[in-house]
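Worksheet: the structure to be examined is printed underneath.
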Number of protein chains: 2
Amino acid sequence: MYENEFDATMQLIRGKWKIRILYELNSDPHTRFNALQRNLDPVTHKILSEQIQQMINDGLVKRIDFHEQPLHIEYHLTKRGQSLIPVVDAICDWGLANIDTSKLKQTLCN
Amino acid sequence: MYENEFDATMQLIRGKWKIRILYELNSDPHTRFNALQRNLDPVTHKILSEQIQQMINDGLVKRIDFHEQPLHIEYHLTKRGQSLIPVVDAICDWGLANIDTSKLKQTLCN
DNA sequence: CTGTATCCTGATAGATACTG
DNA sequence: CAGTATCTATCAGGATACAG
């Protein structure tokens with residue numbers, strides 16, 4: 001049960017790394033855990049794991065196990081996850097258009 | 001200094017009530033503190049005050065003092081605040097389109 | 001009507017180490 | 001390579017009371 005449509009959406013993307021996870025998984029539909037952690041840089045193993053798990057529970061991300069040794073697991077967006085990309089883009093675009101680029105350590109999208 | 005454009009935008013709207021404040025101030029450009037608190041319902045006086053203050057510091061909201069007794073203060077969006085409305089709408093639209101409406105206590109936008 | 005100070009709690013994130 | 005457990009730090013949010 002959600003208070004309203006704002007909170008319902010925000011609960012899914014409020015996590016510190018979730019927007020970026022959506023962006024990464026959208027850019028590369030065959031992302032593995034290590035690659036994701038490398039791209040998100042200062043995120044810790046445990047936190048990334050938690051955020052992914054929540055996104056799986058929320059139906060935004062799917063986990064694919066290739067049953068190989070060494071372990072080979074990929075993550076990709078579900079339809080529902082993909083549907084959030086316009087929101088991700090809106091957030092990205094606003095940042096690029098309205099934040100002084102000299103105040104940005106990195107520019108990631110577009 | 002921001003990590004990147006995602007974080008830069010999210011820092012401004014991550015607060016629990018900020019999206020709704022943006023929405024309310026956009027709907028009514030002459031909003032007073034009490035009215036805002038009433039519309040956001042379970043928000044406490046102190047928290048609303050904090051969130052508004054942050055939004056003023058971030059250049060999203062402007063405070064207008066009418067120098068009347070009893071106090072008469074109105075808040076409205078700055079240009080910068082208005083520019084965030086497309087982001088607010090994207091979040092609102094996604095929620096309406098993707099959350100089972102029976103799980104929403106209220107529907108606020110559109 | 002509007003704003004601030006104190007105190008408290010839970011959620012969130014991070015450091016680190018251990019497992020298959 | 002992927003995932004979990006423990007412990008700790010920090011912060012955001014909220015209850016309450018007081019002030020101009």
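Just so it is clear, the values below take in all heavy atoms, side chains as well, and ignore hydrogens, waters and symmetry mates. In what follows, every chain begins at residue 1, and chains take the letters A, B, ... in the order their sequences are listed. No experiment lies behind these values; they were computed from the predicted model shown.
Of the two residues contacting DNA chain D, namely A:S49 and A:P70, the nearest-nucleotide position lying further toward the 5' end is that of A:P70. Where A:T44 and A:Q69 each meet DNA chain C at their nearest nucleotide, the meeting point lying more 5' is that of A:T44.
Ion pairing between a basic and an acidic side chain is recognised when a charged N comes within 4.0 Å of a carboxylate O; B:E50 and B:K46 show such pairing.
In this structure, B:N26 contributes its side chain and B:L22 its backbone to no donor-acceptor pair below 3.5 Å. A donor-acceptor pair under 3.5 Å is absent between the side-chain atoms of A:T31 and the main chain of A:Y75, judged by distance alone.
Counting non-hydrogen atoms under 4.0 angstrom, A:I73 reaches the backbone sugars and phosphates but no base. If you check every strand for non-hydrogen atoms under 4.0 Å, A:Q51 touches sugar and phosphate atoms only. Residue contacts for B:F66: at a heavy-atom cut-off of 4.0 Å it reaches no nucleic acid atom on any strand shown. Among the atoms of the strands shown, base atoms are found under 4.0 Å from some heavy atom of B:H45.
Taking the side chain as every heavy atom from C-beta outward, B:V88 and A:F6 approach each other to under 4.5 Å.
Distance, B:L71 CG to C:dG3 P: 8 Å, rounded to whole Å. The distance between atom CZ of B:F33 and atom C1' of D:dA19, rounded to the nearest whole Å, is 15 Å. Across the protein-nucleic acid pair, B:D41 atom CG and D:dG14 atom C1' stand 14 Å apart, rounded to whole Å. Whole-Å rounding puts the A:L36 CG to D:dG3 C1' distance at 14 Å. If you take CG of B:N57 and P of C:dG3, they are 13 Å apart, rounded to a whole angstrom. When the C1' atom of D:dG13 is taken as reference, atom CD1 of B:I47 falls 4 Å away, rounded to whole Å. Straight-line distance from the CE atom of B:M55 to the P atom of C:dG3: 14 Å, rounded to whole Å. Rounding to whole angstrom units, NE2 of residue B:H67 and C1' of C:dT2 are separated by 14 Å.
In this structure, A:Y75 does not reach the D:dC1 phosphate: none of its side-chain N or O atoms is under 4.0 Å from OP1 or OP2. Within the structure, a side-chain polar atom (N or O) of A:R32 is placed less than 4.0 Å from OP1 or OP2 of D:dA2. Neither OP1 nor OP2 of C:dA11 sits under 4.0 Å from any side-chain N or O of A:R14.
Distance CZ/A:R63 to NE2/A:H76: 12.5 Å, rounded to 0.5 Å.
In this structure, of D:dG14, D:dA5, C:dG20, it is D:dG14 that holds the atom nearest to the side chain of B:K46. In this structure, of C:dG3, D:dA15, D:dA2, it is D:dA2 that holds the atom nearest to the side chain of A:R63.
Scanning atom types as modelled, no donor and acceptor separated by under 3.5 angstrom connect the side chain of B:K16 and the base of D:dG13.
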